[in-house]
Structure formats: structure tokens, C-alpha cells
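To keep things clear, I will list the structure first and then write my remarks on it.
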Amino acid sequence: MSGCECKPGRAKPTIIRCGYECKPGAKRERDSAKPEAKGAAINNLLRCRSMLLDVHARIKETLKATIRSLWNIDPPEIALNQTPKIEMGELASPVCFELARALKKPPKAVAEALIAAAGRIETVRKMEVAGAGYINFYLDRAAVVRGGRVHATKTDAGKAIVEHTNINPNKSAHIGHLRNAAIGDTFVRVLRHSGRTVEVQNYIDNTGVQVADVIVGFKYLELKSLADVRALINDPNLRFDYYCWDLYAKVSGFYEASDPQHAKRGQTLKEMEEGNNETADMAELVAMTIVRYHLSTMARINVAYDLLPRESDILHLKFWEKAFGQLKERNAIFFEPEGKNKGCWVMRLETEGHDDDKIIVRSNGTVTYVGKDIAYQLWKLGLLDRDFLYQPFDGNRKVWATTSAGGSIEHPPFGRGNIVYNVIDVRQSYLQNVVHQGVLALGYEEQAKNSIHFSYEVVALSPACADQLGIELSAEDRKRPHVEVSGRKGQGVKADDLLDTLETEACKEVGTRNPDLSKADIDKIGHQIAVGALRYFLLKFTRNAIIAFDFREALNFDGETGPYLQYATVRGNNIVNKLRETEPDFDFNQAYRFLDDPKLPGMLDAADDIWELLYSASRLNEIAQQVVSSLEPASLAKYAFTLAQRFSLFYHRYRIMSEADPDRRLFYLLVVDYTRQALTSALDLMGIEVPQRM
RNA sequence: GCGCCCGUAGCUCAGCUGGAUAGAGCAUCGGACUUCGAAUCCGAGGGUCGGGAGUUCGACUCUCUCCGGGCGCACCA
């Protein structure tokens, strides 16, 4: 196999385009296997995506080989860092500090010896000792820019399943759900960008307690029939999901006053499970109606799904019975004959003692939520000897839903994921761990390792924001950095309300800045900006940072925001548009032919600031990889912002169109086009569009 | 009680598997539009990285401990 090789003997990557050469014999370094690093498993499957990563690999290999031959010792892992300044080279390794101790020589001397013996490394222009003993690597700038145009390689590493959104279908979506979807969807886009096959699942808990509570509200609090509910749904003057939001908040009061034992909830759940009665029909109608609202809310922020697995189908198709059998057979769970869990089937968790046993099947024989989740997880991994039936959701063949009867004979292959990511907030860590243990207890070690809880922190409200929403706060609450919201109490920021506000504000701005635009154009651009602001806002925080939601911050369009990134990209596009307008005959390929111009390297070397911009733009695939292995979409957001900052700086510092020197002008145009493409891709990975104008 | 997470500039947050002088945005103050549009750019002030001990050539990063905050740990989901 020539060119790139990812995983000899297993994966057969289809090379779409490869503009640079890998040494045929060069072994690509694998990540050392760390069982505790969840993302590590797939790193090996994602090679040859980026020319810069190939350079990293070559440097590491060369240094290791040189260390071996010079001193006859086992080389340590070679760390490669960014240098503090681009003038000091692009990459730096502190490895000589470590070697110095083993060799009992000063780090600088070690570095000098290493550099002298290493010889030439492809794409590395020079190596230099720096600081107290770093080795700094100066890359061949022109080669990096040429290689940076390499496009995605399709890998054949099997299917990744990403489960996200998963909103209880009993009320409208809120800001917390938007964070889940933004993180999940961005991760999906990054995986696909990396050449992975991805299936997106949005689990529908249509037979759960939350749906039951709303049904209790309709039936016993509002005394509504199925026909009444249907009339509500068809009423064009009200939003049914908003209606349920309020109703759900009232139900807790109803339980307190009229049904403290929650008998009505139990009865409703039972009727829902049995089916073929008005309660079940009402639950089905309510849940699926709200699912449609959720899908349209998510569509507004460019989030879509491949499959909607429904809990009712897991029930009706007896997934649990199958899983139960497997769990019993492998002694993964056992019957508790005595004690506080008498009569239950429990799973013993890793910790000592019986106190931590997790009940999977209750003494009355019903299965808990975790039990069903284990069955679902097993199905996702292709380990459950049973499958759903499928049909297009509302006749749309882009989104499929599971079903228990009928279904399409022909449907895409669902499930059987090689790796499964569950995007679920951190509060469910305990339960996700139980699911993980379940898979492990069945003996599926590899699959358990590939069952990943992609956890993230919640969205709370800043006290000021809670105040604004009319939520009552204690004096203590006011001092806190954030206040948790409660859907049960009807508190929180509804997703569509927030989007509406953002769109209104954005349209206002667009209108004042572009008085000549039509209403339709303003609306379109306003929408794109609103989505950009929202998605960037939700992505810029790292996963385990609690977002204290604040309207002032979320509605901001200046500084580190989505619109800033969009604006930078639009400016780049404007230059290209302007050129097409003023010089219709201009051949844009000229700029790319300049890649092979002998004057290019000199120009790149002469302008560190421009090179820093181009180098930054070249790192997109590297960053995408980082997101996959670290499960941290925020690093993509930060990267994109830095790139936009550098472009803005360049834009300000250089006049492109009016540049008199023709070569220089071509060079600048190349920089603009190269960068705007990287920015556009980075934004696309975050689900953010680039408006035509701003 | 057990477990997980957090504490970095006035505020909100970055800081890659330990590495060079700890960075952004917002806010404040002061500058830059006759140009590819200022949703931009430049400059200024602002830090005992919660406290202490340890490991290391080197600690915001790792270990221990204390302080302060958040969240989990149901025959709920």
C-alpha cells in the first residue's frame, strides 16, 4: 500500500486526494494503549487525516530512532508542543530535559547531539536548540500550505453511534437541551469530517414518568378526553408543547393536594404499557406531537437525526426479556432472597458491600429505567439478539423511527455500532456507569470500553437571569454564581423563546447595517446570526463548566461570539466577491498556482504574521482529531475564534485589492481564500452558517 | 457517610498527555472609518492560579491535606 496507511490489514482507506507524500515504509506511531482513556480506542483508526499530524509522527519516529541508535536506550514518549512564538518555530519538544537526567548530561548538549544525528526530516526546514534545552522545529512553510489543501480521507473504522438530545416528550425544549444537542451535533459533524460513518440517534422516552405526569394532568386535573387533547393540538392559536410545559408544572401541585401517593401516576403508567386504551392513545398522541415540536426546534439550529428509537418499542418488542436472559445466564445480575432488596434482581457494583447493589428488576417484577437502558445499549452495540422494526418518521425518509408492528421492509441498517457515544449530562454519571458495568459484566470488555458516556455539565441560570424570569430567589440564592432550574416547576428558558429573541435582535442589527436588503434577506441572515451566536455560546465552554445562562451574554454579538467568526468569514468572502465583480475575467486558480511559485517560500518566510495565520488555518484537521480523542468540542470553538482573530488582524494590516505588486497581491489573495475556507469549515463543524452579508 | 466536578484578572472563562514571560472576551479608560464595511482593529490598567505540604531539572497542570462551592448516591426516570 502506498501513500497513507491507517490500519494495515483492517481498514482500507479510500484516498480521495493526497497532495503530499508519506514515506512508504514509515511506520506510523500508535497511541500507547491507555485503558482508562476512553477516547483512545479510536485514535488508531483516525490516522492520515492531516499533513501536520504526519509531520508530528515523522518527528517522533525520527527522534526515537536517533535516541535509540545514539545511546542505546528505550526512548521516552516524545512530546510536541506549540512554541510560545511563531518566530521560534512551529513545534517544540522538551524531551531533552528528560533525557538529560538519564544520560547525566546537560539538556542543551543532549539536544545538540540529537539534532546533529537526526538528519533531515521531511517538511522540517531546520531544528534548533532553544531555551534551556528545547528542540524547536521550523517547518517548511510552503510545503505545509500545499499539504493543507488535502481533503478528508474516508476511513473504514466501522460505525459510530452518537445518541443525543433525548428530551422527555412531555414539554417544550429548554436551554439545557440546546446545549446537549449543540455538543452532540458538533461531535457528529467532527466525526463525519474525520471520515467516520456516524448514526445519530435521538431516544424517545415515550412511556416514562414525565409523559405519564402530563397525561395525569390532562385526565385528572383538566378532565380532558382524548378528543379534547386532539382539539388542543389542532388549535392554531396555541403551542401545544408550551401548553404542556405549564400543565406539567401544575401537576406536582395536583399530586401534593389530591394524590400524595402518586397512585394516578402508577395507574397511568400501567395503562400506557398495556396499550389499547384511551390513556395509552393519549400518551402516544401527546408524546409524538411533542417530538415533532422538538425536531422542528432542533432543525432551527441545524440539528438532525437518523433514527428515533422509542422506548415503547423496546417494551413491546421485549428487548428487556432478551437482555434479562443474557444477564441471568452470565450471572451479571442475581436474585436477592433477603434484606432490604428482598425479591429484586440486582447488579453488584464494583464497590464492596451490598448497600451499593443497584436494583434492576423490582420485587413486583417490573424493570427499572436502567434495565431498559442496558437492553438499549446492548442493541446499539449489536449485542442483543433482537432488532426493531422501522418506518420513515412522518413519511420523511431522512429520519426514521422505530416501530413494533409493520414497518418498512427496506430500511437503512441501524444499530451495530463499533463505538457508541451517549451525550448525557453529568448528573446521570452514576446510571451510565451502571449501564457500562452491565455490558462489562456480560463479558464484553471491548464493547464496554467503546460505550462512552459523553458527559457535560448543566445549564443553570445566573441569579440576575432567574430574577428576570420571575423565579423567586432566597437571599442565599442571590449570592450564588448560578441557580439550577426545575422543569417540574416550569422554570427555565424555552429554546424557541430564546431563538425568537436572538432572531429579533439579529434582524434589527442586520436591518440597520444593510438598509438595502429585502425583508426576506434580513430574516434569513438574522436567523443565521442568531444560530451562530447561540451555538457558539453553547460550545465555547468546556464540557465540565456549568453555564450560568445570562441573556446579556447570550445575546451579545461582539467579541468572542459566533457573529464575530461569521463576520471575519464574510469579510474574506467580500474580498473574493469584490474581485469577481471588478475583474470578472480574473482566474482564481492563479492564486493557487502561486503555491508552486518559487517566490512563495520567500514571501512566507518574510512575514511571520501571515505565516501564523496560514499555519493556524492548516491545523483544522489536527484540531478535529483532538476533539474526537478528548471529547471536547470547546477546543474547536476556541481554535476557530483564534483563527478569526488572526484573520481580522491580517485584514486590518494589509490592503489586498489595492496591492500594487502583482505577485504580492496574488499571495494575499491566496491567504484570503485559504483562510476563509478553513474558517467556513470550522464554522460548518459547529453547525454555523456563513451569511452572504452582515 | 461514600463518589464525581469546580475554585485562575472586577465579571465570564481558556490554558493540550507536567515544559519557555499564565492568556482571551466582557466591563472600564484612551486611540483608529475618504480604503476589501468599525458586529472590526490598536493601546492601558488589572494575577500570591483558594491555603498549605510533597514529587520533579521544572507544577495552573500530578499526590496528600485543609477551606469554600456544585452535583450524584431511590423497588423515580
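Chain letters run A, B, ... following the sequence lines, proteins first and then strands; every chain starts at 1. Here the structure is a predicted model, which means the values were calculated and not measured.
The partner of B:A38 is absent, by the rule that a Watson-Crick or G-U pair needs both atom distances under 3.5 Å. The pairing partner recorded for B:G3 is B:C71, the criterion being a Watson-Crick or G-U wobble arrangement whose two distances lie under 3.5 angstrom. Base pairing analysis places B:G46 opposite nothing; no Watson-Crick or G-U wobble pair with both distances below 3.5 Å involves it. Under the Watson-Crick or G-U wobble criterion, with both distances below 3.5 Å, B:A53 is paired with B:U63. Base pairing of B:G23 is made with B:C13, judged by Watson-Crick or G-U wobble geometry with both donor-acceptor distances under 3.5 Å.
A:I546 comes within 4.0 angstrom of the backbone, heavy atoms only, and of no base. Among the heavy atoms of the strands lying under 4.0 Å from A:L649 are primed sugar atoms or P, OP1, OP2 only; no base atom is included. Using a 4.0 Å heavy-atom cutoff across all strands shown, A:Y651 reaches at least one base atom of the nucleic acid. A:Y430 comes within 4.0 angstrom of sugar-phosphate atoms only, judged by non-hydrogen atoms across all strands, and of no base. Across all strands shown, A:K342 has heavy atoms under 4.0 Å from base atoms, whether or not it also approaches the sugar-phosphate. Among the heavy atoms of the strands lying under 4.0 Å from A:V209 are primed sugar atoms or P, OP1, OP2 only; no base atom is included. Base engagement by A:R101 is indicated by at least one non-hydrogen atom pair under 4.0 Å involving a base atom. A:A132 comes within contact range of no nucleotide atom at all, as no heavy-atom separation falls under 4.0 Å. Contact annotation for A:Q566: no contact, since no heavy-atom pair falls under 4.0 Å across all strands. Within 4.0 Å of A:N433, counting heavy atoms only, lies no atom of the nucleic acid at all.
Between B:G37, B:A77, B:C42, one nucleotide has an atom nearer to the side chain of A:Y369 than all others, and that is B:A77. Minimum atom distance to the side chain of A:A545 is reached by B:C13, of the listed B:C13, B:A24, B:G37. Of the candidate nucleotides B:A74, B:C71, B:C36, B:A74 has the atom lying nearest to any side-chain atom of A:K358. Comparing atom distances between the A:D205 side chain and each of B:A74, B:C42, B:A77 picks out B:A77 as nearest. Comparing atom distances between the A:Y564 side chain and each of B:U56, B:A39, B:U40 picks out B:U40 as nearest. Distance from the side chain of A:S363 is smallest to B:C75 among B:C75, B:U40, B:G37. Between B:G72, B:C26, B:A74, one nucleotide has an atom nearer to the side chain of A:D558 than all others, and that is B:C26. In the set B:C26, B:A20, B:C13, B:C13 carries the atom at the smallest distance from any side-chain atom of A:F541. Among B:A39, B:G70, B:A24, the nucleotide with an atom closest to any side-chain atom of A:V510 is B:A39. Residue A:R655 has its side chain nearest to B:U35 when only B:G25, B:U35, B:G37 are considered.
Heavy-atom nearest nucleotides on RNA chain B were determined for A:E509 and for A:V367, and the one closer to the 5' end corresponds to A:E509. Each of A:T368 and A:A92 has a nearest nucleotide on RNA chain B; the 5'-most of these lies closest to A:A92.
With P as the reference atom, B:G25 and B:G43 are 10 Å apart, rounded to whole Å. Comparing the P positions of B:G52 and B:U61 gives an interatomic distance of 12 Å, to the nearest angstrom. B:G7 and B:C66 have their C1' atoms separated by 14 Å, given to the nearest Å. Across the C1' atoms, B:C49 and B:U28 are found 24 Å apart, a figure rounded to whole Å. For B:C16 and B:G23, the C1' atoms lie 14 Å apart once the distance is rounded to whole Å. A gap of 38 Å separates the P atoms of B:G68 and B:C29, to the nearest Å. Here the separation of B:C41 from B:U12, taken at their P atoms, is 24 Å to the nearest Å. Distance noted for atom P between B:G3 and B:U17: 25 Å (whole Å).
Look at CG on A:D550: it is 11 Å from P on B:C13, rounded to the nearest Å. In this structure, CD of A:E659 is placed 13 Å from C1' of B:C36, rounded to the nearest angstrom. Protein atom CZ of A:F647 is 14 Å distant from nucleotide atom P of B:U40, rounded to whole Å. The interatomic distance linking A:N81 (CG) with B:G15 (C1') rounds to 12 Å, in whole Å. Rounded to a whole Å, the CE atom of A:M657 is 11 Å from the C1' atom of B:U35. Rounding to whole angstrom units, CD of residue A:E560 and C1' of B:A39 are separated by 15 Å. In this entry the distance linking CZ of A:R580 with C1' of B:C36 reads 14 Å, nearest Å. Atom CD in A:E98 sits roughly 12 Å away from atom C1' in B:U17 (whole-Å rounding).
An OP1 or OP2 oxygen of B:G25 is reached within less than 4.0 angstrom by a side-chain nitrogen or oxygen of A:Q645. Checking the phosphate oxygens (OP1, OP2) of B:C42, no side-chain nitrogen or oxygen of A:R653 falls inside 4.0 Å.
Taking a cutoff of 4.0 Å between a charged side-chain nitrogen and a carboxylate oxygen, A:K270 and A:E273 do not qualify as a salt bridge. Note on A:E560 versus A:K638: salt bridge recorded, some NZ/NE/NH1/NH2 to OD/OE distance being below 4.0 Å. A:E90 and A:R619 are not joined by a salt bridge, as no carboxylate oxygen comes within less than 4.0 angstrom of a charged side-chain nitrogen.
No cation-pi contact links A:R646 to A:Y615, judged by a cut-off of 6.0 Å to the six-membered ring centre and 45° from its axis. The cationic atom of A:R179 (NZ for Lys, CZ for Arg) does not lie both less than 6.0 Å from the six-membered ring centre of A:Y456 and within 45° of the ring axis.
Other residues, nucleotides and ligands contribute only 12 or fewer heavy atoms inside 6.0 Å of the CD atom of A:E256.
Of the N and O atoms on the side chains of A:D673 and A:Q677, at least one donor lies less than 3.5 Å from an acceptor on the other residue. Judged by distance alone, the side chains of A:Y654 and A:D609 do bring a donor and an acceptor atom under 3.5 Å apart.
Between A:F647 and A:Y651, the two ring planes are tilted [angle within 30° to 60°].
Glycosidic conformation of B:C16: anti, with the torsion beyond 90° of 0.
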Assess whether side-chain hydrogen bond (donor to acceptor under 3.5 Å, both in side chains) is satisfied between A:Q692 and A:D521, documenting all intermediate values.
CA-CA 9 Å; A:Q692 282 106 343; A:D521 284 341; over 6 Å; no

Take A:Q82 and A:L91, measure what side-chain contact (heavy atoms from CB on, under 4.5 Å) needs, and give me the verdict at the end.
CA-CA 5 Å; A:Q82 303 301 127; A:L91 296 166; 4.0 Å; yes

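The base of B:A20 sits with one of its N or O atoms less than 3.5 Å from a complementary donor or acceptor on the side chain of A:N136.
With rounding to the nearest 0.5 angstrom, the CZ atom of A:F319 is 15.0 Å from the CD1 atom of A:I374.
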Under 3.5 Å, N/O pairs linking protein and nucleotides 6-11 of chain B:
unit_1, atom_1, unit_2, atom_2, d
B:C6, OP1, A:N544, ND2, 3.4

